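Have a look at the structure below before the remarks.
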Protein chains: 4
Amino acid sequence: MAVSRASVARRVLDAAVELFAEQGFDATSVQEVVERAQVTKGAMYHYFRSKDALLYEIYHELITVQLDGMDRILAVGGAGPRTLRAIIVDLVVTTAAQLGAATVSARELHKLAGEPAAALRAQRRRYHEGVRDLIARGQRDGEFGSTVSAQTATLMVFGIVNQLPQWYRPDGATSPRELADEIAGFVLTGLGARAAEEAGDNDTRQERHADR
Amino acid sequence: MAVSRASVARRVLDAAVELFAEQGFDATSVQEVVERAQVTKGAMYHYFRSKDALLYEIYHELITVQLDGMDRILAVGGAGPRTLRAIIVDLVVTTAAQLGAATVSARELHKLAGEPAAALRAQRRRYHEGVRDLIARGQRDGEFGSTVSAQTATLMVFGIVNQLPQWYRPDGATSPRELADEIAGFVLTGLGARAAEEAGDNDTRQERHADR
Amino acid sequence: MAVSRASVARRVLDAAVELFAEQGFDATSVQEVVERAQVTKGAMYHYFRSKDALLYEIYHELITVQLDGMDRILAVGGAGPRTLRAIIVDLVVTTAAQLGAATVSARELHKLAGEPAAALRAQRRRYHEGVRDLIARGQRDGEFGSTVSAQTATLMVFGIVNQLPQWYRPDGATSPRELADEIAGFVLTGLGARAAEEAGDNDTRQERHADR
Amino acid sequence: MAVSRASVARRVLDAAVELFAEQGFDATSVQEVVERAQVTKGAMYHYFRSKDALLYEIYHELITVQLDGMDRILAVGGAGPRTLRAIIVDLVVTTAAQLGAATVSARELHKLAGEPAAALRAQRRRYHEGVRDLIARGQRDGEFGSTVSAQTATLMVFGIVNQLPQWYRPDGATSPRELADEIAGFVLTGLGARAAEEAGDNDTRQERHADR
DNA sequence: GATGAATGAGCTTTCATTCAT
DNA sequence: AATGAATGAAAGCTCATTCAT
């Protein structure tokens, strides 16, 4: 009987996230990973082609969850600011909920090369484009100001979120939701969203709260 | 006679920045560094205690330049928004000018541990506190709105800037200065700086231009 | 229903011959063998004790066919040169027909140790002794010259044949039969067989041709 | 101070030859090599890029010596049979003198791939072509018969010599020189060299004897 | 100041084989 | 008869660092 009920692959992945987040990918040996996962090295390599594959899986899981979140929100439709707020809130909340994976992804992703990495980059690009197009449309419709280009604004948003794992501490005073509102507020204001639209967001906030 | 007039240490550091930025710190061997620097391994170890010391120096040089910039700007004094804009512009411009060092610093700094790293962290903390206090003071004086906490705003600013090396390309259409203005504008708007104060920034822009 | 009608053991062996010949025994993993054979690892180990056992079987099959050939020819009897020619022709023709197995046997056999390998070596020794004794008898009877010792001559014959898989290409201009005649002619001449005896071989040639 | 006066590279190479000849290339670990050479693994990798590089060096040393031998003999010129005999004798004698290297080369060379291996193959090809052309010229001049093609004859000669390490034992009754004469005699006779020319070889035999 | 050979620990990965089902 | 997850030992190789010169 296995040490734990969780599948070997799951345990390995969880251990890897913890260790990569704590020590960094390169500073963590496969030995350490399998020891923490209570698994033999051979078993790990039965499920994962390489150490890099762990990194791939970690990011893939995270980006998939986040893309799904965006897709769900975009499907609902609605005003630009309100939608953007919902996306940012979801992004911040899922990032905070998966702080380990987010830390690892932001820090080590550049190490991934080759074909599978291209797939990940495609997912990330889709996320970026979703946000960028949303902002661009809002600018065209006059929901946002046009001082900042949609492209730069998007990159700033992801800059903020990607860096978040470096300073956000889940045991601190601020809840993920509060932080998400703070960030979303800042971004919307920075984009020159008109006060009227901002006000409308209260509803969204409630809705999403109910979601979880 | 040495291969180049530049000091051994300088050449090593420059080579290290390039390689660490291209391939990552761990993926770069000391051998590669000394080869690119046209220096022998022994010579390198004569000037640097360890491979980590290279990382230390790289970040130290960067943060020192940037701290100096902030200190100079703060010394001038003036209104909060105007000062903050100047700081952000300087930060973005120096980051763009030292893209390699900035890339390495943002990506690999977490690897540094021990006493020397503490000194670096102290410098970084001082930078953060400078910005945070500036924002907090501005909020107290009504120059900025108070929807976002000064602390969160500061972390967002540095999030944006630290992530910048991952997407800014010096050969692109946007000049560092334009980008700096775009970012600064976004942040100031996000902080709810009143239009009047924003207008005043034109002068700052000129001043700094003359600086260089 | 199995993927193919051929028995599991047969398919495994055929796959092993191909792969061992292409890549070498050590460079081929059991995984590759079972994949090419369309068989699971467990099934393979059901039929073969070990990876070495594959090597054993491959050589065993080959040497058995070749020993049978020699035995059949020796049973017919007749003059030394004529008999030797028939043996060499048969050896070359079967080697060319089983080029993969011959390649593997010549190259990797030294890896086999232990009791089963001893059995193989005994078969090989019997083959060598058959040829050697035939030559020695021919020398005693004046059918061959005596410049070369029967032992050395035998080893040269097998040297030639064992090396053959390294250069003979079945898709080349020379047919196995032509090559066999060329080699046999060289060896017989080298042994100083008198022309009269050589001439008599035409009959043998015909006989064997009909065989196949 | 090193364990022995001989250079690290030399000791490693000698150990590798011994072990590869005894156990085979794949069955020998780098660990075993460095242990027998009384050298650390790091030191070995300081001199040799890889385990394969050892194989390369071993064959390179051998083929170089043998090519030099052929070149020297060809430079002297003289009748075909006499020259061919000298080449075969030299080949057999150097093979017997470097039995380990010859064993390894004949058995494991096929493992070498890539650019450096191509260089080795070119050397080997040059050796083959030297012999083949010599035979072909002799056939044209009527020094040899034409029953066997020069190409096949050449391949048989090298087949004999390459297989030699598998059965020649230096502590046996036959000296390398005797063996060489036996083999050369067999080959020349097989090629139909006229007795008159063969007789002339006695001189060559003496000369070469004095050489060493 | 500078060299570069040598160290030795540790890394990722592979693989033949086993065994519960 | 057959599966394929799991084992565990060992392999080749890299690398930051040291030190006699």
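Please read these numbers as outputs of a predicted model, since none were measured by experiment.
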Query raised in the report: Are the side chains of F20(D) and T103(D) in touch, meaning some heavy atoms are under 4.5 Å apart?
Result: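 Result no, sub-4.5 Å side-chain heavy-atom pair not found.
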Query raised in the report: Is the shortest heavy-atom distance from the side chain of V12(A) to the side chain of V34(A) under 4.5 Å?
Result: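 In short, these two side chains do not touch, never coming nearer than 4.5 Å.
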For atom [atom1] of [X] and atom [atom2] of [N], their distance in whole Å:
X: L55(C); N: dA16(E); atom1: CG; atom2: P; value: 13 Å
X: E35(D); N: dA10(F); atom1: CD; atom2: P; value: 13 Å
X: R10(A); N: dA5(F); atom1: CZ; atom2: C1'; value: 19 Å
X: L54(D); N: dA11(F); atom1: CG; atom2: C1'; value: 15 Å
X: Q23(D); N: dA11(F); atom1: CD; atom2: P; value: 11 Å
X: Y47(A); N: dG4(F); atom1: OH; atom2: P; value: 12 Å
X: D52(D); N: dC13(F); atom1: CG; atom2: C1'; value: 12 Å
X: Y45(D); N: dT14(F); atom1: OH; atom2: P; value: 7 Å

Query raised in the report: Can you tell me if Q66(A) and T95(A) form a side-chain donor-acceptor pair at under 3.5 Å?
Result: yes
Query - Residue met sooner reading DNA chain E from 5', once R49(C) and F25(A) are mapped to nucleotides - result: F25(A)
Requested in this report: With DNA chain E as reference, determine whether M44(D) or Q31(A) sits nearer its 5' end, using the nearest nucleotide of each.
Outcome: M44(D)
Query raised in the report: Going by modelled atom types, is there a donor-acceptor pair between the base of dT17(E) and the side chain of K41(C) at under 3.5 Å?
Result: yes
Query - Within 45° cone and under 6.0 Å: K51(C) NZ/CZ vs F25(C) ring - result: yes
Query - Partner nucleotide, any strand, of dA5(F) [Watson-Crick/G-U, under 3.5 Å] - result: dT18(E)
Report task. Could you work out which one of dT13(E), dC15(E), dA16(F) sits closest to the side chain of S29(C)? Result ->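 Given the options dT13(E), dC15(E), dA16(F), the side chain of S29(C) is closest to dC15(E).
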**Report entry** T40(B), nearest nucleotide to its side chain (from dA2(E), dA6(F), dT12(E))
**Finding:**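 So the side chain of T40(B) is nearest to dA2(E).
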Query raised in the report: Is any side-chain N of the basic residue among E22(A) and R36(A) closer than 4.0 Å to the acidic one's carboxylate O?
Result: yes
**Report entry** 5′-ward residue of the pair S50(B)/H46(C) relative to DNA chain F
**Finding:** H46(C)
Report summary line: On DNA chain F, more 5' by nearest nucleotide between V39(A) and D26(B) is V39(A)
